[in-house]
Structure formats: structure tokens, C-alpha cells
There are 2 protein chains.
Amino acid sequence: MTPVNLKSLAEQLNMSIATVSRALRDSHEVSDATKARVRALATALNYEPNAYASSLRRNLSKTIGVVIPKVANHFFALAINGIEEAARQSGYHVLIYLTHDDYAREVSIVQHLKGGRIDGLLMSVASGTEDFAHIKSLQETNLPIVFFDRVCAEVATAKVTTNDYESGYRATEHLILAGCRHVAHLLISNNLSIGQFRQQGYLDALQAHGLTPDPDLVLHGVMDNEQNVALIRELLLRRPDIDGVFASVERLAISTYHVCKELGRRIPEDVKIIGFSNLEAAALLDPPLSTITQPAYEIGREAAKILLRAVEKKKAVLPAQSIVLESTLFERRSTASE
Amino acid sequence: MTPVNLKSLAEQLNMSIATVSRALRDSHEVSDATKARVRALATALNYEPNAYASSLRRNLSKTIGVVIPKVANHFFALAINGIEEAARQSGYHVLIYLTHDDYAREVSIVQHLKGGRIDGLLMSVASGTEDFAHIKSLQETNLPIVFFDRVCAEVATAKVTTNDYESGYRATEHLILAGCRHVAHLLISNNLSIGQFRQQGYLDALQAHGLTPDPDLVLHGVMDNEQNVALIRELLLRRPDIDGVFASVERLAISTYHVCKELGRRIPEDVKIIGFSNLEAAALLDPPLSTITQPAYEIGREAAKILLRAVEKKKAVLPAQSIVLESTLFERRSTASE
DNA sequence: CTGTTAGCGCGTTCAT
DNA sequence: ATGAACGCGCTAACAG
């Protein structure tokens, strides 16, 4: 099977490679007649330009990279959806890499990306990452980078996040206004700025409503879910006065729900729960849990758009702006009360 | 900033480009001394080979493509996870494309892929796809293809699926053995072989246990969820004798759960429900629903491994074998009965 | 062991 | 409006 490339097309049409190339790229310096001839044969033979030759020549790959901790997570899955949508609209391809929150793996991936394989990078850093030299080094190769969700404060570039501080504030206030006086806060311990912001929103909301923050009511969860269930059980037993729980992570909200059921604490009469969530699980429980939901799809889409705009303009250095998208608070009540 | 490539390295080391290239690729025909010198400079300057130049020259991109209907779906998200894992282990990159179950989009993507951008393709076809000419045409470019989950019978190549027939059979039998006599089957209407297999398993299980299949008990759902809820409500009202429901799709199982609650049918006393599911939602309901769960991660991983093996051996044509992985039946009972 | 040469397929000069 | 020639960065064949 003879290869279908510019050369073979040119031979069959009795013209030069250059003319065929120009015709296919719709150059204005080629007659309409030949354009038609070239295109006819190209589509007939199902010609598709070799992406690598083109990339090599133009030093531009029409490909962006996405580096995220995981994909089996509704937030990131939705974000990828948004990214792919924006990329496709601009004719870009999407390479995906998973770090599994492993620092060494993240470094290895980022190093690999220096080979000019991508025109731009979208990234959500691994939770364990504290040293950002690898990212800075990548940025120095003039590769545009946009962070989303788990941003990296030490690297100056565009970032797309949600209003974590305000969400924490609103979630906590929601519980307070519903009558809660002893609101616990569950979060996963790590050095991500996200958790810190939500935590601060929680603290400020308490203060603003005349409640005294109690460190004993703040539970730092771990990675293992079984352990978290035990920690939550312990907390609820130690502090029977808890009448509201704000969970920074969906799993912790669900676990709280189960522990409450197990301990016979009625929801929401005895304990009201609100949690960050991008999954529908919380809404399906009986009674359903109220949630703060991040606009994951929009975050991915917006981040990709900003990146692609920079790529198209060959702007390697992005302004270190922070785009903040609003989360939505869904208040859910049991429908069984009718 | 001077570019870091073989040429610049060679100049600084006073040797030829070829030697540098060989040293970096650890060729056995280069002295250890020069290898050391080359590597030292390469790492010092953070050299990374240009992926496109290499791909063009070797006609091999170390990249595989993944074409799936959507990613915001736990099954596909887990599958991608498995694919990325296998790819990474073999040093491959992963390009991702979403069809959103749109035939035109699938065709456009597949056409794009003919440019030699990928060394192999993993694919789950769009639900609306009936004409497979675009896929066959891609296969004719000697690109190895492996289907997973939503396979395409008309194209002869390797396929990785779950035991849909058997799963349908086991799910139905599970309900029958639990005492159900009037088992309904809910599925999404389309021309995918998957639904057909599950349906056949359902029918055969009924027959095997002396029950007569009743076409009135088979509900063909649609894409819109609101409509499905209405259809299910209508079915349960029309047929109060229904005491078991087998849902081929998670959403239908969840919807059935809600309709039962709304109509005052107790679960599982009045109606037992079992559904295909890859999400934890079904397990979180109260009472939890029993599920048939596909090994999504393993499917992705296995499919990728088969594909990569073919790619490495430059075997364009894969044996038209079908790998079938076992689903798991989770029987869940309410824990509140204690 | 190392250097020289010749492309991979394409896009962009510079000619005509 | 078209063709000839060069080079993107890298690898492979052939010399020595």
C-alpha cells in the first residue's frame, strides 16, 4: 500500500509538492482550479497530513497536556470534559497524565513534557507536592501553563479555582442559620491551599455569628476511609453537643451520614450535614445531604480557553491572574415529609 | 536562549550528532567514557529529545489514542485510569477524545487519527453508530485497534468486554431465587450489543426457572431521565404485581428506587431491585441496592495491554479474539434491621 | 568505537 | 501561479 502524503499526491497530479501543500492550506497564491483538483484527490485518497512532520516543521503540535492527580473522581472527570470541549473547538488534541498524588510521578511526567510534545499545559498539582522546581523549570522552556483547582502559589501564571473561602463561609453560615450552635469541620490534612481557605471561611463564619471556634471540633481526616469513619465516630461520641457538620470532602460527608445513622443521630433533626460534593451520591441519600458543588466542567473549560488563547498568541508568559468561579450551594430537604 | 538539542550538545562536546544520539540511547557501540560525558551535559542542560522529530524519523509516536463516548461516567473514568497505568508502564502517552455518543463527531475524530498521530487505538463506540466504514478505513492504515466495553462486531479485531449475558442471567436469577415471580427488565434502547446480551440473559434465566417472559415487563428507557421516571411510574402502577426489577443501567435502578419510595412500595419487601452500576451511589441508598459491577479498571488495563503488545510487535492486525472479564454481583441488605 | 550522509513529511523561503 | 531547494531534530545506513 503506497503511502498517501504530499509527495504521492503531487506525483499523481503532476505538480510540485509545494503547490499541493499550499492548495491544502488554502493559500491565496494558488489558482482555484488547482485547489479543486488537489482537494478532490486528497479527499478521494483520504489524505490526512502527518501530524509529526507538521509539528516538527512548525514547532507547534496543536496538542495540550493535562496533568491531574486522578480521573476516577467526578470533579476531574467533569473538568476533563470541559477541557476536551474547549480544545476540540480550537482544533487541539489532549494528552492526559495521572500523578495519583505521587510527587515522584509528577516530576517524571513534567520532565517528559519538556520534549516539546505539547503547546500548553493544564495542571492540578499533586497533594504531596511541596517543591515546585520541576514546574518552574518547565515554565522556563516557554511553555504556557494554567493551573486549575489545585493551584500552585509559588509559580506565577494564570489560575482557575472556585471561591473556596467563600464556600466554606457560606456552608458554615448555612448551618448556623439553620440553628446549629456546635458546628464541626471535617477536612483532609494536607498542604493544599484549598483546605486552608475553606477552613478560614468556616472560622470566620463562626466568628461573624458570635460563635467561638473550638479546635476540638476540627477533624483532620486521613487517606484511609475506614480510619476516617472511626475518627468521626469517636468525635461524635466525645462531643454529643455537635449539631452541625461541614465536610470539606464528599467522602467525609457520606461517612458522617453513615456514622450518624449508626449512632442513632437523626438527620437533620439532631445533626445537619453539608459537604463539598461533585457527585450525585449525596443527593441520593435518604434524607439527602445539602452540598456545595463546584462548577467542575466550567473550571476545566475556562482554564483550557485561557491556555489556548495564550498558545494561539504565542504568549509564553501568562499574567498571574486568578479566575474564581462560583460554587453552588444546594439545600436539600427530605421529600418524605409530605 | 539557545535550544538544547543534539546539535548543540554535539558542538559543546566536540563530537558528532550521531555519537551523542547513540550515547543517549545507550547504544552498545559507544564507549562508556563518552556515554558518561554526554549524559553529564545532557542532564546538566536538562536535555529532552524532541518527541516529534523522533516520531517522524522512526514512524512511531509512543502514543495511543482513546476514543470514548464520555468521561464523566465512573465506568469510563476507571477504564481510563487502567489505560493510563498500562500505557505509562510501557512508556506510552495517552491522547483522549470524547464522542458524546455523536456519530458525526466520532467520524471526524477517527478521520483525524489517520494522520499517524497514534500507534494504536482503544475505542468504545458511540451508541448511535451503525455504519463502521470510518473505523474499517482507519484499520486499513495498519493501525492496531482494540475495542472495549462497547465493541463493534463488524470490525475484526481484539475486544475486551464483560460477561454481559451471564451478568444479566445471574442478576435475574438472583431476584428469582429471592422469591420474585414478576421480574421487570429496564434497559436503554439502542443498537448496542451490550443491551441485547443482558436482555437475553434475563430471558433465559426466566425460562430456566419456569417463568414465562412477559414483553409487557420490559421497559425501553430513553435518554431523558425525567421521561424515564414517568415511564417507570406508569409501569409500576400498571403492573402492581411486579416484585423484582433488573435495571441494565444504573440511572434506571436509582430512578426505580425513587419511584418505589414515592409509590409507597417497600424495598426490598415489595420490590427487589438489582442494577448494573459502577458508581457507589447505589450502595449508599437506604436500603442499599444490590448491584452488578463491571471491572472497569481491569477492562481498560487489559485492553491497553493487548493493544500495546501488538504495537510493540508491529502487529497491525490483531486476532479477532474476545476477552471477557467477570462482573461482580454485590448483594446488599439493609444494615438498619439490627 | 566514531563521523558522514541521507532521509522521515512537511512548510517556507527564493526563484521563475 | 508554480517549482526547486532547504531544514525542523532525529535516527539509521554506511564508512572508516
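Residue numbers start from 1 in every chain, and the chains themselves are labelled A, B, ... in the order their sequence lines are given, proteins ahead of strands. Keep in mind that the numbers below use all heavy atoms, side chains included, and drop hydrogens, waters and symmetry copies. Everything numeric here is computed off the predicted structure, so don't read it as measured data.
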Verify, without hydrogens or angle tests, whether [X] (side chain) and [Y] (backbone) share a donor-acceptor contact under 3.5 angstrom.
X         : Y         : result
Asp119(A) : Leu60(A)  : no
Glu106(B) : Thr99(B)  : no
Gln139(B) : Ala156(B) : yes
Thr43(B)  : Arg39(B)  : yes

For [X], enumerate each residue passing the side chain to side chain donor-acceptor pair (under 3.5 Å) test, keeping only those at least two apart in sequence or located in another chain.
X         : value
Ser16(B)  : Thr19(B)
Ser124(B) : none
Thr34(B)  : Ser31(B)

Ion pair present between Lys159(A) and Glu154(A), side-chain N to carboxylate O less than 4.0 angstrom?
no
Distance-only donor-acceptor hits, side chain of residues 72-82 of chain A, under 3.5 Å, sequence neighbours excluded:
from	atom 1	to	atom 2	distance (Å)
Asn73(A)	OD1	Phe75(A)	N	2.9
Asn73(A)	OD1	Phe76(A)	N	3.2
His74(A)	ND1	Asn278(A)	O	2.5

Can you list, in residue-number order, the parts of residues 22-32 of chain B that come under 4.0 Å of DNA chain D, counting heavy atoms only?
Arg22(B), Arg25(B)
I'd like to know whether the aromatic ring centres of His93(B) and Tyr97(A) sit less than 6.0 Å apart in this structure.
yes
For chain A and DNA chain C, what are the first and last nucleotides along the strand, 5' to 3', with at least one atom under 4.0 angstrom from a heavy atom of the protein chain?
dG9(C) to dT13(C)
Give a yes-or-no answer on whether the side chains of Glu84(B) and Tyr92(B) include a donor-acceptor pair shorter than 3.5 Å.
no
Would you say the side chains of Lys114(B) and Ser137(B) form a donor-acceptor pair under 3.5 Å?
yes
Would you mind reading off the bend of the helix from dC1(C)-dG16(D) to dT16(C)-dA1(D) from its two end axes, five pairs each, to 10 degrees?
40°
Please list residues of residues 43-63 of chain B whose heavy atoms come under 4.0 Å from any atom in DNA chain C, ordered by number; otherwise none.
Leu56(B), Arg57(B)
Return the set of residues passing side-chain contact (heavy atoms from CB on, under 4.5 Å) with Asp131(B) (not counting sequence neighbours), or none when no residue passes.
Tyr103(B), Ala133(B)
side-chain contact (heavy atoms from CB on, under 4.5 Å) filter on Ser55(A), not counting sequence neighbours, yields Ser61(A), Tyr52(B)
With sequence neighbours excluded, residues passing salt bridge (charged side-chain N to carboxylate O under 4.0 Å, His left out) with Arg117(B)
none
What is the 5' to 3' range of DNA chain D, first to last nucleotide, that sits under 4.0 Å from any heavy atom of chain B?
dG9(D) to dA13(D)
